[in-house]
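Residue numbers start from 1 in every chain, and the chains themselves are labelled A, B, ... in the order their sequence lines are given, proteins ahead of strands.
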Amino acid sequence: MSETTEKKATYNPKEVEDKYYALCEERGYFEIEGNKNIQEEGKDGKIKTFSIMMPPPNVTGSLHIGHALTFTLQDIITRYKRMDGFKTLWQPGTDHAGIATQNIVEKQLIAEGTTKEALGREKFLERAWLQKKTSGGNIVHQMRKLGVTPAWKRERFTMDEGLKEAVKEAFVSLFNEGQITQNTYMVNWCTHDGALSDIEVEHEEVNGKFYTMIYKFADGSGELEVATTRPETYFGDTAIMVHPDDTRYADIVGKEVLLPLTDRTIKVITDTHVDMEFGTGVVKVTPAHDQNDYAVGKRHDLEFIKVFDEKGILNDYCGEFAGLERLEARPVIVKALENAGYIVKIEEHVHQVGHCYRCKNIVEPFISTQWFLSEKIAENSIKETKKHNNFHPAHWINSYTAWMDELRPWCISRQLWWGHRIPVFTCDDCGHTWADKADEPDGCPKCASKKLTQDPDVLDTWFSSALWAMSPLGWGNNGKLPELYNDSDMEDFYPNSLLITGFDIMFFWVARMMMMGEHFNKGQLPFKDFYMHALVRDETGAKMSKSKGNVIDPLDMVEEHSADIIRFTLAYLAVQGRDIKLGAKNLDQFRNFTNKLYNATNYLQLNHSTFKDLNEIEVKTPLGLYMQSRLGLAVEKIRTAIESYKFDESAKTLYNFVWNEFCDWGIEYSKADRESIVELGAIFKETLKMVSPFMPFISDHLYHKLSGTTLEEGESLMVMNFPKAIQRDEEAEKLFAIIEESITALRRAKVVIDMGNSKIDKAYIKLDAPIDTEMAKPFIQKLAKVIEIEFVDEKVADSITDVSDNLEVYLPTGEIDMTPIITKLTRQKEKLEKEIQKLNGMLNNERFVANAPEAVIAENKQALEDAENKMAKVSTELDGFVS
RNA sequence: GACCGCAUAACUCAGUUGGUAGAGUGUUUCUAUGACAUGGAAAAAGUCAGCAGUUCGAGUCUGCUUGUGGUCACCA
């Protein structure tokens, strides 16, 4: 560190962030009534409300960059609405994450040399709860580091006492409506995690092999070549099929073939499912282990032979191979077939194979008995969704509805222990099956027997998540945990105002909340708006992954920079519909921005120790009026941007206002008018209120610094009003536009004579239209570094000129080289010629004049006039040199 | 294969009812002056992927092409 940087005071976020956060949380600012004193009524006379549900992260998980993005955006909008007088609920919670959590606990047990089976269900669940308790607080504490402000006092867990009730409420009701049924069906089966829904299977391209094997006719009349990628399943073949129109095989239809290495025979059948062009045109049919063959089996009433069990262990149908695991068995079986001469060839074959999204195991199509939720439940929600497209970005509705239109029954049962136990009971005596909200029903409703058996499975984790738009509002909670919600919550906060989430869980989560929300709330969809945020990638645009080692840990970033900087960076980069490339450079830009804010505060305080709020003073100075007007424009733009979820635009506008307007011009001007500084201080404090949702810590810190107060003894910006509309001052804006143009022109002219940064004695300005020159003079002199400005009506002799839109400036010259000036003027002339040509072309086009709106024509006429005037001046200037 | 994106200055990207292209970084030149060198000033830099169409007018709308990414569905 150099000497100079050591001397300079800079903002130290570490001294501020944790302390301020704890203070604000303690004071209950994050809760529904945290902003009670500024809550406002809406048009209907009721308090305005805003609600947003946090997508509950896995209780055992830890914070990653995607979380940082989604939570930051949610926090910005929540803070904005809170400051804007809304009664605001940002509902936090964590998800029990069935498979993920169960796998963690199972791994622990294995490490301890035991298994869940040895432990038993009850003890296992105790362990899982212990795991939840010990690691569950982790992620919510990490979230606090980001400075996010959900209503922590209402934090829920998807398996807490109240939400358990909600799940049972939903299940029992759907069961009784006949929407939930138990069926034996071919499902996606992970030999580790059990049944999976369709979207829990990830299809990935793998380099496999294509085995062509021989099936001999039972009558000894020859053989058939059949190709397969999964030779180990042939023990489950119950037919061979060919296309009915395939003349090559017409004579063998109905014949019997012998399965290799067994004594079982199967028939050759025909089915149009066969693609004659592919492979040999002969297909083995394994109805119990292939989706398509399952359908063929149903059509042809074939036998369904399972060749392995739930764990993938081959059974007696596989003869000598029984006891082997399905994947391990493949090479063994192929070897045996090869030895016996049944393999014709083995080719390389690239194909798609389904993998479990949790454990990456190869998923098998497998027949089993599961609970399904009918796709019909979604019908109304689909219709409603199509009526209004409230997706941001809008194109997501296409993917959404395309998927919804193809919806199939949702397999909701999981062969796990950790989760919501399926509330279905069967009477051991009379066999009656029913769904019950009671954990231990009194008895069978048919025969009153006390001997009951509950379904051993649990529900898909997404079943409880599907209720998330309403269950934390008390829906179906059956009076449990009443301290976590209010009776008016459903009325106040359903439908939720907004859902912010990643598109990767659109089908897992959004779709399910839509169907459940609509179903249980008289057709009312659960969200008014949807915001699908982007994916955060590394600097080069690559997806972050542990294996690539390019993961950016948001907590490291907070440690290295600050929560404020991370938040502002993410917001600034959050363009709708484009992924975010996050690199160190981005963070630097906004670190500099915090420094700018800090130094602007320093400057103000060099002149006055404290400042009042804008509404406590009357702005009178021309500069104050100008800056206030510019603030008004910024307020308007920032509000519009946030309300249309354009986080990037709102952040950018804020950044530009602070830096390019307030600091570069406002502060610089104020050096020529000390009177205005009290006003600028108030305007800056107002600006900090707009910074607050994005960078809550530094804004609060600087606000109190400028006010001469402390957060400890005062209120936070987060519960003060976000700036409201401010009347623009056209007069002041016009005036300062001319002042700014004069300064820029003078600076440009000074560069030409190599006086770029030096103070000069004298300069002249000729204005096209009059302004209050006495008022303008000090500003121009100060910022252009000219000791004396004189306003003139004619060109000044022996001077160089800069021609701009509304004025000309002249710098007196001695004996200097005029070449660079001539070059500059010539270039300017060429540009103007082009522009005039273009505008003339346009205005001479009869059709343009006939069709274009008047305003556009007038605008272009004016532009032409201006360009021609400027052209005349530039030409005159040039002629002066030539003569 | 179907659907949905993206292609704008050297780089990363804005550009919301069609009306003479913007920012940050980088580059060039000047600059240690009492907010800030994590700063200030000035400047250079774009046939908006290509082709065609609609229009008085297209980065913006339509179609096609090329490149690139994603989602879904797939042949045993």
A.B. asks: Show, in sequence, the C-alpha distance, side-chain angles and deciding distance for A:Trp665 and A:Tyr669, and conclude whether the ring pair (Phe, Tyr, Trp, His ring centres under 6.0 Å) test is met.
C.D. replies: CA-CA 6 Å; A:Trp665 291 106; A:Tyr669 283 139; 5.5 Å; yes
A.B. asks: The side chain of A:Ala852 lies closest to which of these nucleotides: B:rC56, B:rU20, B:rA35?
C.D. replies: B:rC56
A.B. asks: Distance check needed: B:rG39 C1' versus A:Asn599 CG, whole Å only.
C.D. replies: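 To the nearest whole Å, that distance equals 9 Å.
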A.B. asks: Side chains of A:Ser670 and A:Tyr603 only: does a donor on one sit below 3.5 Å from an acceptor on the other?
C.D. replies: yes
A.B. asks: Where do A:Ala749 and A:Val809 come nearest, in terms of heavy atoms and distance?
C.D. replies: CB-CG2, 4.3 Å
A.B. asks: Check whether the side chains of A:Glu225 and A:Thr280 place a donor and an acceptor atom closer than 3.5 Å, and report yes or no.
C.D. replies: no
A.B. asks: Roughly how far apart are A:Phe568 CZ and A:Thr594 OG1, rounded to 0.5 Å?
C.D. replies: 10.5 Å
A.B. asks: When the distance from CZ of A:Phe647 to C1' of B:rU16 is rounded to whole Å, what number comes out?
C.D. replies: 16 Å
A.B. asks: Kindly say if A:Lys596 contacts the phosphate of B:rG40, meaning a side-chain N or O under 4.0 Å from OP1 or OP2.
C.D. replies: yes
A.B. asks: B:rU55, OP1 or OP2 - any side-chain N/O from A:Arg847 closer than 4.0 Å?
C.D. replies: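 Answer is no, no contact under 4.0 Å.
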A.B. asks: Would you indicate, yes or no, if B:rA42 has its OP1 or OP2 atom less than 4.0 angstrom from a side-chain nitrogen or oxygen of A:Arg747?
C.D. replies: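 So the side-chain polar atoms of A:Arg747 do come within 4.0 Å of the phosphate oxygens OP1 or OP2 of B:rA42, strictly under.
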A.B. asks: Which distance, rounded to the nearest 0.5 Å, do you find between the CD of A:Gln352 and the CD of A:Glu204?
C.D. replies: 8.5 Å
A.B. asks: Cationic tip of A:Lys705 within the cone over A:Tyr598's six-membered ring, i.e. under 6.0 Å and within 45° of the normal?
C.D. replies: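 Satisfied, under 6.0 Å and within 45°.
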A.B. asks: Quickly work out the A:Phe848 CZ to B:rG19 C1' distance and round it to whole Å.
C.D. replies: 7 Å
A.B. asks: Between A:Thr601 and A:Gly577, which residue's closest nucleotide on RNA chain B lies nearer the 5′ terminus?
C.D. replies: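 Closest to the 5' end, via its nearest nucleotide, is A:Gly577.
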A.B. asks: Tell me whether the side-chain N/O atoms of A:Asn757 come closer than 4.0 Å to OP1 or OP2 in B:rU31.
C.D. replies: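 Checking B:rU31 against A:Asn757, no side-chain N or O comes under 4.0 Å of OP1 or OP2.
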A.B. asks: To the side chain of A:Ile667, which of B:rA35, B:rG19, B:rG39 is closest?
C.D. replies: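 For the A:Ile667 side chain, the nearest candidate turns out to be B:rA35.
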A.B. asks: In terms of heavy-atom contacts, does CD of A:Glu668 have more than 12 from other residues, nucleotides or ligands at under 6.0 Å?
C.D. replies: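 Result for CD/A:Glu668: enclosed.
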A.B. asks: Please evaluate the base of B:rU16 for a donor-acceptor partner in the side chain of A:Lys646 within a cut-off of under 3.5 Å?
C.D. replies: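 By the distance-only test, yes, there is a pair.
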A.B. asks: Tell me: OH of A:Tyr603 to P of B:rU33, nearest whole Å?
C.D. replies: 17 Å
A.B. asks: For the side chain of A:Val575, starting at C-beta, report the closest nucleotide among B:rC13, B:rU20, B:rC56.
C.D. replies: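 Selected nucleotide (nearest to the side chain): B:rC13.
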A.B. asks: Using atom P in both nucleotides, what's the gap between B:rU33 and B:rA9 to the nearest angstrom?
C.D. replies: 39 Å
A.B. asks: What do the steps show when you test A:Tyr357 against A:Phe508 for ring pair (Phe, Tyr, Trp, His ring centres under 6.0 Å), and what is the final call?
C.D. replies: CA-CA 12 Å; A:Tyr357 87 127; A:Phe508 280 105; 5.3 Å; yes
A.B. asks: Rounded off to whole Å, could you give me the NZ-to-P distance for the A:Lys750 and B:rG40 pair?
C.D. replies: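 Distance check: A:Lys750 NZ to B:rG40 P gives 17 Å.
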A.B. asks: Is it the case that the side chains of A:Glu865 and A:Asn869 hold a donor-acceptor pair, with the cut-off being a distance below 3.5 Å and no angle test?
C.D. replies: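 No pair is found: no donor N or O on one side chain lies under 3.5 Å from an acceptor on the other.
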A.B. asks: Any N/O pairs under 3.5 Å between the protein and nucleotides 22-24 of chain B? List them or say none.
C.D. replies:
unit_1, atom_1, unit_2, atom_2, d
B:rG24, O2', A:Gln589, OE1, 3.0

A.B. asks: Mark up nucleotides 70-76 of chain B, 5' to 3', with B wherever a protein heavy atom is under 4.0 angstrom from a base atom, S wherever such an atom reaches only the sugar-phosphate, and - elsewhere.
C.D. replies: -S--BBB
A.B. asks: For A:Glu649, which contact category applies under a 4.0 Å heavy-atom criterion: base, sugar-phosphate, or nothing?
C.D. replies: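 Base, at least one base heavy atom under 4.0 Å.
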A.B. asks: Rounding to the closest angstrom, what is the interatomic distance between B:rG46 and B:rA7 at atom C1'?
C.D. replies: 14 Å
A.B. asks: Take A:Tyr655 and A:Phe590 through the ring pair (Phe, Tyr, Trp, His ring centres under 6.0 Å) test and state the conclusion after the steps.
C.D. replies: CA-CA 9 Å; A:Tyr655 179 94; A:Phe590 303 109; 5.8 Å; yes
A.B. asks: Tell me, yes or no, whether the heavy-atom count around A:Lys345 atom NZ, taken from other residues, nucleotides or ligands under 6.0 Å, exceeds 12.
C.D. replies: no
A.B. asks: Using a strict threshold of under 4.0 Å (side-chain N to carboxylate O), is an ion pair present between A:Asp579 and A:Lys543?
C.D. replies: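 No, A:Lys543 and A:Asp579 are not salt-bridged.
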A.B. asks: Considering only B:rA35, B:rA42, B:rU38, which nucleotide approaches the side chain of A:Asn592 most closely?
C.D. replies: B:rU38
A.B. asks: Give the rounded distance in Å between these two atoms: CH2 of A:Trp659 and C1' of B:rG40.
C.D. replies: 11 Å
A.B. asks: With side chains defined as the heavy atoms from C-beta onward, is the minimum distance between A:Tyr234 and A:Val307 less than 4.5 Å?
C.D. replies: no
A.B. asks: Does a distance-only test, which skips hydrogens and angles, find a donor-acceptor pair under 3.5 Å between the side chain of A:Glu668 and the base of B:rA35?
C.D. replies: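 Yes, the side chain and the base share a sub-3.5 Å donor-acceptor pair.
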A.B. asks: Under 4.0 Å between any heavy atoms, over every strand shown, what does A:Pro393 touch: base, sugar-phosphate, or nothing? Just pick one.
C.D. replies: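 Touches nothing.
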A.B. asks: Nearest-Å distance, CG (A:Leu864) to P (B:rG19)?
C.D. replies: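 In whole Å, B:rG19 P lies 20 Å from A:Leu864 CG.
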A.B. asks: Which dot-bracket string fits RNA chain B when only Watson-Crick or G-U wobble pairs with both atom distances under 3.5 Å count, crossing pairs get [ ], and | stands for a partner on a different strand?
C.D. replies: (((((((..((((.....[..)))).(((((.......))))).....(((((..]....))))))))))))....
A.B. asks: When you get a sec, tell me which of B:rA35, B:rU38, B:rC4 is the closest nucleotide to the side chain of A:His395?
C.D. replies: B:rC4
A.B. asks: Please give, in whole Å, the distance from B:rC6 C1' to A:Lys581 NZ?
C.D. replies: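 Going from A:Lys581 (NZ) to B:rC6 (C1'), I get 11 Å.
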A.B. asks: When you match A:Ile743 and A:Ala863 each to their closest nucleotide on RNA chain B, which lands nearer the 5' end?
C.D. replies: A:Ala863
A.B. asks: Give me the distance, rounded to whole Å, that separates B:rA44 from B:rU25 when you measure between the C1' atoms they each carry.
C.D. replies: 16 Å
A.B. asks: Can you tell me which nucleotide in B:rC36, B:rA35, B:rC56 comes closest to the side chain of A:Asn595?
C.D. replies: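 Selected nucleotide (nearest to the side chain): B:rC36.
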